[in-house]
Amino acid sequence: MAGFENSKKSDSDSKKIECLSDAVINLDQGDPTVFQEYWMKMKDTCTVVIQGWELMSYFSDTTNVCWFLEPELAKAIKALHNAIGNAATEERYIVVGTGSSQLCQAALFALSSLSEVKPVSVVAAAPYYSTYVEEASYVQSKLYKWEGDARTFDKNGPYIEMVTSPNNPDGTIREPVVNGSEGGKVIHDFAYYWPHYTPITRCQDQDLMLFTFSKITGHAGSRIGWALVKDIEVAKKMVQYLTINSIGVSKESQTRATTILNEITKTCRTKSESFFEYGSEKMKLRWERLREVVESGDIFTLPNYPQAFCNFFGKTISPSPGFAWLGCKEERDLGCFLKEKKVLTRGGDRCGSDKKHVRVSMLGRDDDFDVFLHRLATIEDLKCIDP
Ligand code: PMP
């Protein structure tokens, strides 16, 4: 696409790699700086100017359940989901949050406080997004309790299952796994259900769905997320949580998110400018390069993902998850080994899995990704660490 070529790294880049060869590369966090180049090339397109007298009130629309949601942001969210076809927005309440992290906690509060029996068990199938553990345990709430892996959960009584699809950390497509017991609720985290990460195979219509601006366009610093909620009582409780927690969500951030979301919706069908075309090429190329390195040796493993028809792109595509679930063939502490190589990753044990797997962010800067591949390619064995 014009001006946005995602090219393979040439030998001339090896100089840069040399310079960075001693640096610590942090691929533990999923800071989505990968798309910054696109936004730099968009120059002033999404510049937002806010006058000193604007956006001063706590309130946005007092007739809305979510009274701090800017109406223009609500319109932009609906238009984007309609254009991409990844989620139903009709007959749903939109609750905006300071990132979907805040909304996840608001949802735990809402679902558990509406439950008759407490504490409500909170589970997720391993490997899971490790932050759920902290979100469900940190305040030691009497309303809910983290109970670990959903696959081995067999308690009676109400529970909340976190379902992340595509999954962070391993990129798999997920459905709820706990079956049976009454009073089960599901929070569907669709942070990565966008066409640059995965084929859009259906329009999701679950009761409680979370989305984040951070992982769509890379604007994690704006801290904007939203929930699409069917049940008004759940939406009201979430709004109550957000009111007590932060009296709403920054209007500046909502305004910026509105501009950027409108822009990616407007251009989503224009091949030369579409953010999703760019993002999907970028992620595809990173995955091809990583697979090439992994397959050239006999030390590491990566999951294989089935191709599927993407309703948005109108063709069959391969998934390119935001994280690589890197494993090693021998029984080793891979996170510890990579740390010795000055590559920080998230150990699989933190995600309810084992130490021979790590979660590697695929969303960082080009330079860091190049150095990571370079270091991975030069590893000949895992001998220098204890099992
Ligand atoms: N859910 C998942 C699965 C994530 O990976 C992340 C970000 N790492 C979040 C939620 C939170 O995103 P944010 O708070 O930036 O909206």
Side-chain angles (χ1 to χ4, degrees), residues 26-36 69 73 77 80 86-87 94-109 122-136 138 146 150 160-176 186-194 196-198 204 206 208-228 238 241-242 245-246 249-250 253-254 256-257 260-261 279 283 319-325 344-346 348 350-353 358-364:
N26 190 341
L27 301 177
D28 175 353
Q29 281 139 3
D31 196 19
T33 44
V34 56
F35 306 124
Q36 195 173 28
L69 168 63
L73 177 58
I77 289 169
L80 178 63
N86 62 341
I94 300 178
V95 181
V96 66
T98 300
S100 69
S101 302
Q102 192 187 29
L103 289 165
C104 180
Q105 292 163 74
L108 290 179
F109 168 78
V122 182
V123 294
Y128 42 69
Y129 174 39
S130 59
T131 305
Y132 295 148
V133 185
E134 287 134 31
E135 286 170 349
Y138 188 63
W146 174 253
I160 299 170
E161 182 175 351
M162 301 295 312
V163 176
T164 317
S165 188
N167 192 36
N168 170 357
D170 68 354
T172 52
I173 298 302
R174 290 281 183 93
E175 299 284 342
V186 179
I187 300 174
H188 287 269
D189 187 335
F190 287 127
Y192 303 94
Y193 192 56
W194 295 97
H196 45 323
Y197 297 119
T198 193
Q204 301 290 349
Q206 273 78 21
L208 206 172
M209 307 188 275
L210 302 182
F211 291 90
T212 167
F213 185 42
S214 309
K215 300 301 161 87
I216 309 174
T217 62
H219 292 86
S222 292
R223 310 303 305 122
I224 291 289
W226 60 90
L228 302 178
M238 288 179 72
Y241 177 93
L242 290 153
N245 193 259
S246 51
V249 175
S250 160
S253 285
Q254 292 192 54
R256 183 171 190 221
I260 292 170
L261 293 180
M283 295 304 296
S320 304
F323 296 94
W325 186 237
L344 307 183
T345 57
R346 191 160 300 183
R350 279 193 57 198
C351 307
S353 182
V358 292
R359 188 194 81 164
V360 182
S361 171
M362 295 293 279
L363 301 170

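Ligands are counted one by one from 1 in listed order, and the atoms in each one are counted from 1 as well.
- Checked against side-chain hydrogen bond (donor to acceptor under 3.5 Å, both in side chains), D31 has no partners two or more places apart in sequence or in another chain.
- The residues E161 and R174 are annotated as not salt-bridged, no charged nitrogen and carboxylate oxygen being separated by less than 4.0 angstrom.
- Contact residues for ligand 1 (protein heavy atom closer than 4.0 angstrom to any ligand atom): G99, S100, S101, Y129, T164, N168, D189, A191, Y192, T212, S214, K215, R223.
- With hydrogens and angles left out, the side-chain atoms of N86 and Q204 include no donor and acceptor closer than 3.5 Å.
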Margin query: Between N168 and Y128, does the side-chain hydrogen bond (donor to acceptor under 3.5 Å, both in side chains) criterion hold? Intermediate values first, please.
Written below: CA-CA 6 Å; N168 170 357; Y128 42 69; over 6 Å; no

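- Residues forming a side-chain hydrogen bond (donor to acceptor under 3.5 Å, both in side chains) with S320 (at least two apart in sequence, or on another chain): none.
- By the ring-ring contact (aromatic ring centres under 6.0 Å, His included) test, H196 is found to be paired with F35, F275, F276, residues two or more places apart in sequence or in another chain being considered.
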